[in-house]
Structure formats: C-alpha cells, structure tokens
Amino acid sequence: MTPDTFARDNLPPREQWPDLLEAGLGYPARLNATAELLDRHTDRSRRCLLSPDTSWSYVETAERVERIASVLTRRLGMIPGNRVLLRAPNSPLLAAAILAVIRAGGIAVPTMSMLRAGELRKIIDKARIGLALCDHRLTGALADFSDVRTVAMGSDGADDLTAMMAQAPLPCPAADTAADDVCLIAFTSGTTGEPKGTMHFHRDLLAVCDTYGAHVLRPRPDDLFVGSPPLAFTFGLGGLLLFPLRVGAATLLLEQASPEHLLAAFRTQRPSVCFTAPTAFRAMLGQMQPGDVDALRACVSAGEALPKSVWEAWHARTGIRILDGIGSTEMLHIFIGSPEEAIRPGATGLPVPGYEAKLIDGEGRTLPRGSEGRLAVRGPTGCRYLADARQTVYVEAGWNVTGDTYFQDGDGYFWFRARSDDMIVSSGYNIAGPEVEAALLGHASVAECAVVAAPDAARGHVPRAFVVPRPGITGSDALAHALQEHVKAEIAPYKYPRVVSFVERLPRTESGKLQRFALRAQAEEEAGLPGAPG
Ligand code: 3UK
C-alpha cells in the first residue's frame, strides 16, 4: 500500500524549520506515540479515561482504540498519512478516536466544537480531509460536504462508530510509523484570517511529556487530571490526554467544563491536577466551598497571562501554587514555566528544561537580561505550518518568534508584557494592556476586564477598558472614575484607561482567550462615530 505523503510533501522547506534541539530525548527512529502512551504501563488495570459516568482502564481504553483503528482502516479505507477530522466535545470516546487515528498511522485533525461550516470548510480544504468522526449532535455543520465521509459518534444508530466498533475485527496492530511522521495537525485558535495548520510528529507528542511533563508538572501514576481546554486545543491535548497517559495516570474528560462544572467535578471526583485558563481560576475563587479542592495538588494556567493577584488569591485560599506557563499551538505545549519550587508569582517563569528562550529586538539581535523585547524560543518541538507562507514570520533564524513582548529579569525569569500587536502606543509611550487589566482586577467591583487601544486624535491611541462589573454592581460614571483613580494609584498614572465602558461579557474564544482584536475593532469603529469616546 502506498502511503499518503500529503503532510510530508507539504512540510515547509527544511531551511525554514526552526532549530530542533535533541534535549537528550533519544527516541528511536521508528515510533508510534500511542504505543508508548497506552501499552507500556506495568499495571494496565488502572483507570485511564473517565467521564462523570464512565471509567475505562488502560486495557479497556487500548481495546477501544484498537477497535476504532480497525474501523478506520478496514471499514472506512483510511491509509497511513490520511487526515481524519475529529469534532466532538471532550469525552473518553473523542480521546480514544484521536489515539486511534494516530495508532493507525493517520493524522488527527481535532477541531473545536464551536466552529461552523464555513470554518470547517477551510480546514478540510487546507488539510485535504476526506473522513470525519463527529459527535452525532454536531454533524449538521458537515452535512453539506459531499467530499467528506462523516461517521457519527455517540448515537445508537447502526452506522454509528460505536456500532461499527462492536463488529470490528481484532487484532489491529499499531502502524509502524517513523518518529518524524506527522500525526497531528492542530489548527491555531487564531484570531483573524486563514487558519494555520501546525504539524506535529509522533516524537513531539512524547517530547512535551518528557520536558514540561517530566521536569515542571511531574505527574504521578495515581493522579487524576481534569480541566477545561478542549482536546482540539493543544493545551488540552497535552494537559488532559498526553501528560496523564505518559505516566499511567487517569484523566476525567468533561463535555462541559465551565468554572461551575469544574468545581462540581472537584467535589464529586476528587481530581488531583487541574488545567484551565486564568479567568476560570479567578471565577472559581468566587464560588468555592470549603473542602472543594482538598484532593487537588497541582494547577496549571495557560493561554493568557495569569495576573499576580489571581495567583496570590488562589494560593491563599487553597495552598496551591499555580503553575503559569506560556505555550503555543506552534510549539505544541508549554515552553516557559517554572516548577513549583522556583515560581515567582506574576512571572511566567523560566524556560522549560530542553527549551531555550531569549528576547530579541526588531532586527533579531539578542537583548541582555533586564530588557524588554520580542520572545524567541527553540527546543525539541517547533513551528512547521502546513503549506503556509507565514512560516517565515513565526520562524526567524532558527528561533520561534511567538509574537509576545516580554521582560527578562536579572535572574532569567520571563515576565509577560503583551502580545506585540496588542501593545498600546499612546503619545509615544508603550502601555501593555494586561498590566492595566491586572490593576483593574484588583478593584472589588471588577469581575473581568480587557484593555485595548482606542484611536485618539491627540495621542494616537489611548487605553480603553471594557469592564464586566461583579454581580449586583452596575456601571456608572462614578464607578468609571473610581476605577481610573484606582489604576493611577496602582501603576504609573499615564497608563490609566482614558475611556471605561461597562459590558455584560467579553468576547472569548473557545479556548478561553480574550478576543482583543474584536474589542480593538469596536474601539476603532466607535472612535469614528460622532459623540463617541475617543
Ligand atoms: C499567549 C500566554 C501569557 C501568548 C497554548 C499552552 O495558548 C496556547 O496556544 P495558542 O496558539 O496561543 C499562543 C499565545 O497565547 N499565551 C499562552 N500562554 C500564556 N500569554 N502568559 C501565558 N501563560 O500570546 C502565546 O503566544 O492558542 C498554551 C499550551 C498549549 C497551547 N497551545
């Protein structure tokens, strides 16, 4: 059988790849990541994939994965190298389906449930997808695509994946793949424009476990993981699937994982490790009951900067020191983040062992410690876009340039300032929106906030705050003024938000990230309107 070489053929030219560091990982040339994750543990009767009402052991999980792999290859005609789209909320079955595609030598393309037909069409065209496994409640968005065979999951129909699994012939051995065969195309949760597909190899799935996992998170076989990020977001794929399985631990996968759902899961299932976004930690603080977090021992925050005030409040309340970490879809997972004993609250942290990080100026020159500049990183994983001219934007001279502006202190710690294009330039001064947000969050009336650049005739731009007041509090001119005074007292007064708007909610992506571009667009639009602020 001739394998499908589409992904390999569409890797960027070698000279555009970032440097890849060996980091002492020493994987063999032939490697199927799922064999390492599922088959190698000594006690395979231990629990592996859980939902609120199911629990599969490693043996049971491996059997289901093997059955799905058999359906894919024998019934649906999937051959190694084919891309398979996955569309479902987090669940054990989705996790097993992702593992099955990879086990069979295919390339998993997990997608966020929130995506609609138009966005899925772009991904399908870009990754040339002919087969999809889709939660039966979400098949509508794929219904019009005659070029994609869609198999439903989770219904009791005769043509549902579960029914096919029951008839699937076994055994179905893992495909003999190369360590550097593409096994995952993760589309960026990007803000605007064409989605970018980032390609990752079998070895990369293990590399994030053996760097961040082994040296920073340090999970144990008796851990139970839980969290909010979808498996289609690599923060979730790593945190809720790869890290636990690498060490023989268990993961509780929740279809719905709002702060309320997470707290409910803490109470009933007693997980020990939680992955979520900064806003969820903040929201949980307001709703927590005594005893809720007694079983928790480690918390990981990523996706956005974790304000120091949230770190401190969580620590005071739970005794847990949240592990902040910056990762990206391009790098697969977290590349800067300190282990518990080395945390500096408010800083993202130190480079993860195996990774190197530095700050560069506009021309790519390395900056000394004590400077602010553009973050550049390299390590065992790195950016390889699927057929995309933006490869040379993310990778400069072998380094991955994430688009973030950071400060590095004298001890080498990295402190997040802002996304480089979110920097607010006001009368020639740089103002980092997140710093103003952190100050606003310290005010008792603020539930959530975002600070973006609004056009201003005199100053070019000024900081404008969008504030969600705490329940029971209504926005008013008096409150806006009080918030401005609060910021002036907390940080350098020139950074205060010149415009304060009260809103009911902030636009966020499914991965929990603030959509600053949407607020910036709103601020731009409203600045042009007569009588509007700005
Ligand atoms: C921002 C952070 C400050 C930063 C991700 C962990 O977020 C992830 O991937 P994305 O591709 O976005 C990457 C960008 O998000 N960011 C992420 N974490 C932090 N900013 N502090 C942080 N702790 O702008 C970065 O360039 O969606 C995070 C693991 C896997 C991921 N894919």
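Counting starts at 1 for both ligands and their atoms, in listed order. All residue numbers in this chain count up from 1 along the given sequence.
Distances from ligand 1 to the non-hydrogen atoms of T188 include no value under 4.0 Å. Contact analysis leaves G403 out of contact with ligand 1, as no non-hydrogen atom separation drops below 4.0 angstrom. Heavy atoms of K513 approach ligand 1 to within less than 4.0 angstrom. Proximity of L306 to ligand 1 is not established, as no heavy-atom distance is less than 4.0 Å.
Close approach to L332 involves these atoms of ligand 1, each under 4.0 Å from a residue heavy atom: 30 (C). Within the listing of ligand 1, atoms 26 (O) sit less than 4.0 angstrom from a heavy atom of T402.
R128 pairs by the salt bridge (charged side-chain N to carboxylate O under 4.0 Å, His left out) definition with nothing, not counting sequence neighbours.
In terms of polar-atom proximity, T329 is counted as a contact of ligand 1, with an N or O under 3.5 Å from an N or O of the ligand. Between H333 and ligand 1, a contact under 3.5 Å exists for no N or O pair. Checked by distance only, ligand 1 and T348 stay at 3.5 Å or farther apart across all their nitrogen or oxygen atoms. Any N or O atom pair closer than 3.5 Å counts here, and F233 shares no such pair with ligand 1. Ligand 1 has no nitrogen or oxygen under 3.5 angstrom from a nitrogen or oxygen of A302.
In this structure the side chain of P12 reaches within 4.5 angstrom of the side chain of W17, judged on heavy atoms. Residues F201 and R384 meet the side-chain proximity criterion, which asks for heavy atoms closer than 4.5 Å.
In terms of heavy-atom proximity, A453 sits nearest to R520 at O-CG, 3.6 Å.
If you look at H333 and F243, their ring centroids are closer than 6.0 Å. Between F407 and F414, the ring center distance fails the sub-6.0 Å criterion.
Comparing G236, A277, G327, A186 against atom 6 (C) of ligand 1, the shortest heavy-atom distance belongs to G327.
A salt bridge links E448 with R508: at least one charged nitrogen is closer than 4.0 Å to a carboxylate oxygen.
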Exercise. Start with the C-alpha gap between L224 and V273, add the side-chain angles, then the distance that decides, and say whether side chain to side chain contact (heavy atoms under 4.5 Å, CB included) holds.
Key: CA-CA 6 Å; L224 174 62; V273 179; over 6 Å; no

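At a heavy-atom cutoff of 4.0 Å, ligand 1 is contacted by the side chain of F416 but not by its backbone. The backbone and the side chain of I326 each have at least one atom closer than 4.0 Å to an atom of ligand 1 (non-hydrogen atoms only).
Applying the salt bridge (Lys or Arg N to Asp or Glu O under 4.0 Å) test to every pair with at least one member in residues 316-340, sequence neighbours left out, gives no pairs at all.
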